[in-house]
Structures are given as C-alpha cells and as structure tokens.
Protein chains: 2
Amino acid sequence: MSVPKRVDHEERRRAIAEALWRIACARGLDGASLRDVAAEAGISLGQLQHYFSSKDEMLVFALKYLGGLAEERIRARLLGFAGPPSPRDVLRETVMEMLPLDDASRTGNLVQIAYFVRALHDERLREHAKEGVPALRAFFADQVRAGIARGEVDSSRAPEAEAMLLIALTDGLTTYLLLEACGPEEAAALLDGHLDRLFTP
Amino acid sequence: MSVPKRVDHEERRRAIAEALWRIACARGLDGASLRDVAAEAGISLGQLQHYFSSKDEMLVFALKYLGGLAEERIRARLLGFAGPPSPRDVLRETVMEMLPLDDASRTGNLVQIAYFVRALHDERLREHAKEGVPALRAFFADQVRAGIARGEVDSSRAPEAEAMLLIALTDGLTTYLLLEACGPEEAAALLDGHLDRLFTP
DNA sequence: GCTTTTCCAAGTCAGTTGTATTGAGAATAA
DNA sequence: TTATTCTCAATACAACTGACTTGGAAAAGC
C-alpha cells in the first residue's frame, strides 16, 4: 500500500528554510527567488517545488520555524541559571536573547524584520507575525507582577503597561542595533538602566 | 540660448514621489515597479523616466522628500504652542508627531519602514536612512538637559541615554501600532507614563 | 519664418519571476 | 518479477521587470 518515505520531509524543509534565511539576511526577503533558494540549498528548483508547492507555503514554514528556534533559545538560556532566576533576571535575559547582539542573532532579526514588512502588506503572513506578541506581553507582565509580589517592583507600576513598554524598547533597540546607530554595550546599558528604575530595591 | 523650462521639474518629481508612497504604503516598496508608479501618478513610463534616470534615483529623492516633510510637520506643531513649550512638551509633541496615530502618519511610517528594510541590504540608501538619527538624539538630549536645568528632571539622569531610550521607545511603539498590536490611546498612555517618570515634579 | 531645446509616448529588449508539465529513476510491496 | 508510489530534474510558459531607443510634438530663441 503506502510506500515508506525515503527522505525525511521535515528535515528537507528545514534545510530549505535555512537557505532562505541566508538569502533573506543578505539580500532581503523580496530578493529571494525560488531559484536562488534552491541554489543556496544545493538542490534543483524542481526538488524545492516538491517540498513546497508554493512560495507562500515556504515563507510561512520558514517563519514558524524561525520563531520556534528563538523560543527554544530563550528557554535554554533561562534554564542555564543555577537557581531559579529572579523576575528581573528573566526579563533581562529574555530581552538580551532577543536583541541582535551577535551575528547569529543578527541574522534572525533581519529575517524577522523582512517578514514583518511583508506582513504589513500580506494578509496571510500578518496572522503569523502577530500571534506571538500577546503571549510575550503576558509573559513579561507576569514577571513584573512577580516582582511586585516580591517587593522588588513598586506596586504603583502597571504590569501590562510595563510589559508593553519593555517590548517596544526591545524592538526599538533592535532597529538601531541593526542600523549600527548604537553599539551592543550601549544597548545592554540602556536595558539595564531601564530595569534599574523598574526594580527598585 | 537656454530655453526656459515649461514645466516645474521639482514639482513633477514631488508628484511622482507621492505616487510612489501610495504604492509603497499599499503593497510595499519592492512591489512598486516603474510602470505602477507612472500609472499611479497618471503619466506614462517614458515620462517618469524623463524625470528620474533610474529607479534608484527616484527612491532616494522620495526618501529625502519624505524626511523633509516630517521635519516640517514637527516644526509646525511645536510652533503651534501659545507660549514657549516646556522640554517635556517638546519631547511629547515630537514623539506624538512621529508615531503613526492617524492615516496620513501611518502612510509615512509604512514608507519609512520600507526604506529602512531596503537600507539594511543597500549601501546607497543606508547613509540616507542613518543620517537623521544622531541629530534627533542630540535634539532629545538637549531637551532632557533643559529639563534638568529647570529642575524638572532628576540630575542623575544621563541625557544621551534618556534620548536613545526615548527614540527606541518611539520606534517600538511605531512597530506595534502598525501591526495593530496596540491602539493609539494605549501608545499615548505609555509615552505619557514614561515621560511622567522622567519628569519628576 | 526657422532652429534648438525640452518634453513625452510607444515600443523594444534581455532578463527574471512563480508556476505548471513532463517524464525518468529509485525503492518498496505484491 | 511487476506494479505502484515517491522523488526530482528538465523544460516550458506567460507575466513582469528596469533600461533603452526612436520619433515626434510643443515651446522658446533667433
């Protein structure tokens, strides 16, 4: 009846997605044609089309894959702490992991921005691009609430507002890091300064 | 000898740039072909090429024109104050004018972002995209310094850092306003909250 | 009047795009 | 073995891209 697959479809799709990122990082998402991606992945156009029936499908897959990897990286970083990290540690390390402070992270952010821009004009992608924001905001707000409960954050602070403020700050810092209008150390200092005023001893 | 121009070249170029914005806002900068722009401007492709010898030249002109208009809008808004505006007023009104809070401003921001992404991969555009940042930062820092001098801002605040923080916040808020992950009122409230803690009575 | 310059419409060009089709090779199940 | 399904390379295709050329119309200077 059903013939066992000889190749791992998901593995192939991931390899193609990674090739797409490399192109998107260097030349932008719109500059990545199917032929370019296939060449970068070392396969033929026909083979690529065998794994993705349309360009849109490839883009969506690559975006979800990217988001999954980022989430995993943050989780691993938080688990790297010896003891249970404080709310401030969680916020700081999460933001630091999201910022484009090294080359690998820079690539991820460039791809993410390429998706963001396309999402502004593309119905299908917009859903995928937006879906992560509320979850992140709720996560940050929970940390602020925990900080208040531990007496580390003034109780007059509104957790939801502080969360959104932090997300916006992260995003803005990302922009200017990518433009090289501000350096990594400065970005880290700005983040720490902001957290210093949120977490009053 | 020299025959007077029968049409105002700059006026034509501005009209073409505005057509480009309309397309870039709706479909992105990469989705704007010369034929599309010409059609949107109500002229032929040949005519458009008569005013811009290359697509790149058109893009750069439209970007500089956009920046000039934004600066002018901010200047006009600040002049609209009855008396001399306080440093806090200047910061608040400037940021509010930069945020995509209405449809016109939304268009401008969408175009600006389209340029930003292209600048990440395009040598020529990068210079034009970066050149405004230091000036804006210095302007914000001056306002913070004035706030300190008037005793409205705690003297422990570092003007340059606060300026960059405010720029990054503006940028982040812009992103989430465009994605409709946060509403105009909320963005204004977040900005005011941030300024509240910067300007301590 | 005539010449010169500006202006602009139509068409051509080579190149690239995403998609569709065709058919051959390979591996498994019967 | 034979039949079936998976895998994938090659090609074709219509649409679109930016750049370029040609030719003529309109207005100003002589």
Side-chain angles (χ1 to χ4, degrees), chain A residues 1-17 19-20 22-24 26-63 114-115 117-118 121-125, chain B residues 1-24 26-63 114-115 117-118 121-125:
Chain A
M1 274 285 282
S2 76
V3 176
K5 293 163 187 171
R6 298 177 303 152
V7 305
D8 183 344
H9 263 227
E10 280 307 300
E11 171 56 32
R12 290 279 203 184
R13 285 159 77 96
R14 282 194 291 267
I16 292 173
L20 169 63
R22 263 170 275 146
I23 306 232
R27 283 181 287 155
L29 208 54
D30 292 278
S33 72
L34 292 182
R35 286 167 181 83
D36 289 339
V37 176
E40 176 68 33
I43 62 177
S44 72
L45 172 60
Q47 191 171 353
L48 188 150
Q49 288 185 296
H50 180 68
Y51 291 104
F52 294 105
S53 59
S54 78
K55 184 174 187 178
D56 211 65
E57 189 188 333
M58 178 183 72
L59 291 176
V60 171
F61 175 87
L63 175 60
Y115 271 107
V117 174
R118 179 169 280 239
H121 313 286
D122 186 310
E123 284 285 336
R124 188 122 29 138
L125 275 181
Chain B
M1 272 291 281
S2 75
V3 176
K5 293 164 187 169
R6 298 176 302 150
V7 305
D8 184 344
H9 263 227
E10 280 307 300
E11 171 56 33
R12 289 283 203 182
R13 286 159 76 95
R14 283 195 290 268
I16 292 172
E18 285 157 21
L20 169 63
W21 298 345
R22 266 170 272 144
I23 306 240
R27 282 180 288 154
L29 209 53
D30 293 277
S33 73
L34 292 182
R35 285 169 179 83
D36 290 338
V37 176
E40 175 69 31
I43 62 177
S44 71
L45 173 59
Q47 191 171 355
L48 187 150
Q49 290 185 304
H50 180 70
Y51 290 104
F52 294 105
S53 58
S54 77
K55 186 174 187 177
D56 211 63
E57 190 188 332
M58 178 184 72
L59 292 176
V60 170
F61 175 87
L63 174 61
Y115 272 106
V117 174
R118 179 168 279 237
H121 313 287
D122 185 309
E123 285 285 334
R124 188 124 27 140
L125 275 182

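So you know, we letter chains A, B, ... as the sequences are listed, proteins then strands, and number each from 1. Below, all heavy atoms of this structure are taken into account, side chains as well, without hydrogens, waters or symmetry copies.
Atom pair R27(B):CZ and dC16(D):P shows a separation of 11 Å (rounding to whole Å applied). The distance from atom CZ of F52(B) to atom P of dT17(D) is 18 Å, rounded to the nearest whole Å. Across the protein-nucleic acid pair, Y51(B) atom OH and dT6(C) atom P stand 12 Å apart, rounded to whole Å. The nearest whole Å value for the distance from the CG atom in D30(A) to the P atom in dC16(D) is 17 Å. At whole-Å resolution of the value, CD1 in I43(A) and P in dA9(D) are 8 Å apart.
Considering only side-chain N and O atoms, H9(A) lies nowhere under 4.0 angstrom from the phosphate OP1 or OP2 of dC6(D). Of the side-chain N and O atoms in R12(B), one or more sit less than 4.0 angstrom from OP1 or OP2 of dC8(C). Note on H50(A): every side-chain N or O is 4.0 Å or more away from OP1 and OP2 of dA9(D).
The line from CD1 of I16(B) to CZ of R14(B) is 11.5 Å long, rounded to the nearest 0.5 Å. Here E18(B) contributes atom CD and I23(B) contributes atom CD1; the two are 13.0 Å apart, rounded to the nearest 0.5 Å. Summarising the geometry, atom CG belonging to D36(B) is positioned 4.5 Å from atom CZ belonging to R27(B); distances are rounded to the nearest 0.5 Å. A distance of 6.0 Å separates CG in L45(B) from CG in L34(B), rounded to the nearest 0.5 Å.
Ring-plane geometry between F52(A) and F61(A) is classed as tilted, the angle between the planes lying from 30 to 60 degrees on a 0 to 90 degree scale.
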**Complete:** Nucleotide by nucleotide, nucleotides 14-21 of chain C touches protein heavy atoms under 4.0 Å in the pattern (B base, S sugar-phosphate only, - none) ---BBBB-
**Message:** Checking L29(A) against V117(B) for the side-chain contact (heavy atoms from CB on, under 4.5 Å) test, could you report, in this order, the C-alpha distance in whole Å, the side-chain angles of both residues, the deciding distance, and whether it holds?
**Reply:** CA-CA 10 Å; L29(A) 208 54; V117(B) 174; over 6 Å; no
